[in-house]
Amino acid sequence: MDKIVICGGNKLKGEVVISGSKNSALPILFASLLTDEPAVINNVPSLDDVSTTLLSLSFIGKKIIKRGNTVEVYSSDSRTYKHRAPYDLVSKMRASILIMGPLLARLKKVDVSLPGGCAIGARPIDIHLEAFKKMGAEFSIEGGCVKTHARDGLRGNTTINLRFPSVGATENVLLAAVLVEGKTTIVNAACEPEIEDLAIVLNKMGAKVTGAGTKNVVIEGVSELHGFEHEVIPDRIEAATYMVAAAITKGEIILKKVIPQHLKSINDKFKKSGLYIKESDRTIYVKWIKDLEPQNIKTGAYPEFPTDVQAQWMTLMCLINGKSSIKEDVFENRFLHVNELRRLGADISIDDKIVNIKGVKKFSGAPVIMSDLRAGAALILAGLAACGTTTVSRIYHLDRGYEMLEKKMKKLGADIKRICD
Ligand code: EPZ
């Protein structure tokens with residue numbers, strides 16, 4: 001199993017180009033199931049989750065051509081589509097659940113394995129199923145598979161109240177309602193930029209979606225959707241990870257091809273802590289100029305502080321003099337990186353959903369294990385700052401969501417390499 005070995009202590013300096021957003025590319029790729037016409041998606045990051053998605057699309061009946069960061073999707077006749085995705089693909093990636101919307105809308109049925117829980121929590125799909133039930137679908141769970149069908153087709157003229165602004169459930173309803181006759185209203189929708197990017201694609205295809213990016217989204221169904229070309233927005237979580245890298249190594253980094261507005265909650269916290277940040281249209285310049293002040297955070301649905309940056313932020317707070325706290329309000333078990341940070345010397349206590357941190361002077365390098373994608377990023381950041389060598393294993397988590405991470409970090413001056421064990 002590959003490992004990443006880091007010799008800490010180097011200040012990171014230079015430029016990094018932020019890749020396309022994983023969490024925008026995935027739903028947009030699944031949106032190609034809504035048409036038989038060609039789709040061209042640019043700025044798609046080369047990640048394992050993208051590969052898994054392309055395998056699912058091929059299994060269902062699409063012809064995929066990936067050239068660098070551009071994916072072309074072609075199809076034959078949707079009547080030949082399979083109405084399911086195989087367990088081995090769904091079990092690898094929870095976002096596979098997004099085949100439900102398009103296939104229910106087009107084939108009136110879909111079988112999808114219950115996505116496994118993962119390190120950060122049970123991650124049920126009740127909100128998705130409740131929404132489709134409201135739209136007239138019926139489902140049964142057999143052998144770990146959700147068999148869903150809408151005999152007479154999904155029903156429009158419904159209002160879907162989400163009990164939590166679930167990103168995936170909002171996307172799944174969007175991916176179904178665009179082809180359902182009548183008006184569908186989503187109340188308490190997720191507002192993430194990735195939702196807006198998906199809605200832009202759907203409207204390019206001929207859909208009628210309004211309000212994406214707000215709590216209330218209205219979809220007027222149409223009878224047919226067309227092919228599209230689109231450039232995926234930059235990955236705001238990757239961008240935040242490199243901002244932490246600059247702060248934790250007391251360096252200075254220019255982030256290119258980024259949308260500063262998507263990082264407002266994070267930048268506000270960084271500025272309050274004393275990090276120098278200069279934003280322009282598509283770049284963010286970050287420079288460590290003085291010892292930072294600890295800042296408390298509480299994660300929440302966008303535009304609150306993103307849960308996907310919680311682990312990285314925690315690593316930074318561990319090395320800042322003073323006390324800080326983190327409240328994780330989105331997932332029920334997203335503190336698995338705490339024990340690994342403690343191995344490096346962190347002083348952290350957990351009280352249910354709240355973590356209390358006391359800054360320490362330094363981390364000492366040690367072998368650590370990744371539990372999930374963002375915890376993995378946090379351990380890499382910790383290794384960059386630690387004295388000595390940090391060896392990170394189970395780095396397959398990282399390859400799901402960070403494009404060329406070691407290459408980008410090395411270009412910024414990190415002493416980092418991947419070893420095949
Ligand atoms: C998306 O996951 C992201 N993944 C996650 O990023 C991100 O952490 C999450 O949104 C929250 O922002 C992708 O976009 C591919 P949710 P998703 O449905 O859609 C509970 C990463 O690191 N819930 O908004 O699965 C759920 O358990 C990944 O890139 C239900 O209870 O997240 C969680 O506690 C990790 N029932 C909360 O809601 C449901 O039916 C938020 O989940 C659905 C969700």
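Both counts, for ligands and for their atoms, begin at 1 and track the order of listing. Sequence positions, counted from 1, serve as the residue numbers for this chain.
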Is Ser21 close to His262 at the side-chain level, that is, under 4.5 Å between some pair of heavy atoms?
-> no
Numbered in order shown, the ligand 1 atoms found under 4.0 Å of a heavy atom of Ile125 are 39 (C), 40 (O)
Atoms of ligand 1, numbered as shown, that sit under 4.0 Å from any heavy atom of His128 = 40 (O)
Please name the residue in the list Thr390, Val368, Ile369, Leu379 that meets the side-chain contact (heavy atoms from CB on, under 4.5 Å) test with Arg343.
-> Val368
Do Ser46 and Lys66 meet the criterion of a side-chain donor-acceptor pair at a distance under 3.5 Å?
-> yes
Which of the ligand 1 atoms, numbered from 1, are nearer than 4.0 Å to a heavy atom of Arg94 = 25 (O), 43 (C), 44 (C)
Side chains of Met205 and Val178 in contact at under 4.5 Å (non-hydrogen atoms) = no
Provide, to 0.1 Å, the distance between atom 3 (C) of ligand 1 and the closest protein heavy atom, together with that atom's residue and name.
-> Asn23 ND2, 3.7 Å
side-chain contact (heavy atoms from CB on, under 4.5 Å) between Asn172 and Ile125, intermediate numbers included | CA-CA 11 Å; Asn172 235 340; Ile125 58 168; over 6 Å; no
Contact check, Arg163 vs ligand 1, heavy-atom distance below 4.0 Å = yes
For the residue pair Phe270 and Gln295, establish whether any side-chain heavy-atom pair is separated by less than 4.5 Å.
-> no
Atom indices of ligand 1, in the order listed, that fall short of 4.0 Å to a heavy atom of Lys22 | 21 (C), 29 (O)
Atom indices of ligand 1, in the order listed, that fall short of 4.0 Å to a heavy atom of Arg374 | 21 (C), 22 (O), 29 (O)
Short list, please: which atoms of ligand 1 are under 4.0 Å from a heavy atom of Val330?
-> 33 (C), 34 (O), 37 (C), 41 (C)
of all protein heavy atoms, closest to atom 18 (O) of ligand 1 is Ser166 OG, 2.7 Å
Can you tell me if Pro124 has a non-hydrogen atom under 4.0 Å from ligand 1?
-> yes
re atom 38 (O) of ligand 1, the protein heavy-atom contact at minimum distance is Phe164 CD2, 3.8 Å
Among Ile195, Leu98, Asp308, Ile97, the residue with a heavy atom nearest to atom 5 (C) of ligand 1 is Asp308
Within a distance under 4.0 Å of any heavy atom of Gly168, pick out the atoms of ligand 1 and give their elements.
-> 18 (O), 19 (O)
for atom 17 (P) of ligand 1, nearest protein heavy atom and its distance come out as Arg123 NH2, 3.8 Å
Please tell me if the side chains of Ile65 and Lys63 come closer than 4.5 Å, counting only heavy atoms from C-beta onward.
-> yes
N or O contact, Thr307 vs ligand 1, cut-off under 3.5 Å | no
Protein residue, atom and distance nearest to atom 26 (C) of ligand 1, heavy-atom basis = Phe331 CE2, 4.2 Å
Are side-chain heavy atoms of Gln310 and His337 found at a separation under 4.5 Å?
-> yes
Option whose closest heavy atom lies nearest to atom 1 (C) of ligand 1, chosen from Val167, Asp329, Ile127, Asp126 | Val167
For Glu293, does the CD atom sit with more than 12 other heavy atoms under 6.0 Å from it, leaving out its own atoms?
-> no
Would you verify that at least one protein heavy atom lies under 4.0 Å from atom 20 (C) of ligand 1, or report that none does?
-> no
A student checking ligand 1 against Arg334 at a 4.0 Å heavy-atom cut-off should list atoms 8 (O), 22 (O), 35 (C)
Going by heavy atoms, is Glu238 under 4.0 Å from ligand 1?
-> no
Please examine the side chains of Phe228 and Ile41, heavy atoms only from C-beta on, and report whether any two atoms are closer than 4.5 Å.
-> yes
Can you find a pair of side-chain heavy atoms, one from Pro27 and one from Glu194, that are under 4.5 Å apart?
-> no
Would you tell me whether Ser75 and Lys62 have side-chain atoms, one donor and one acceptor, within less than 3.5 Å of each other?
-> yes
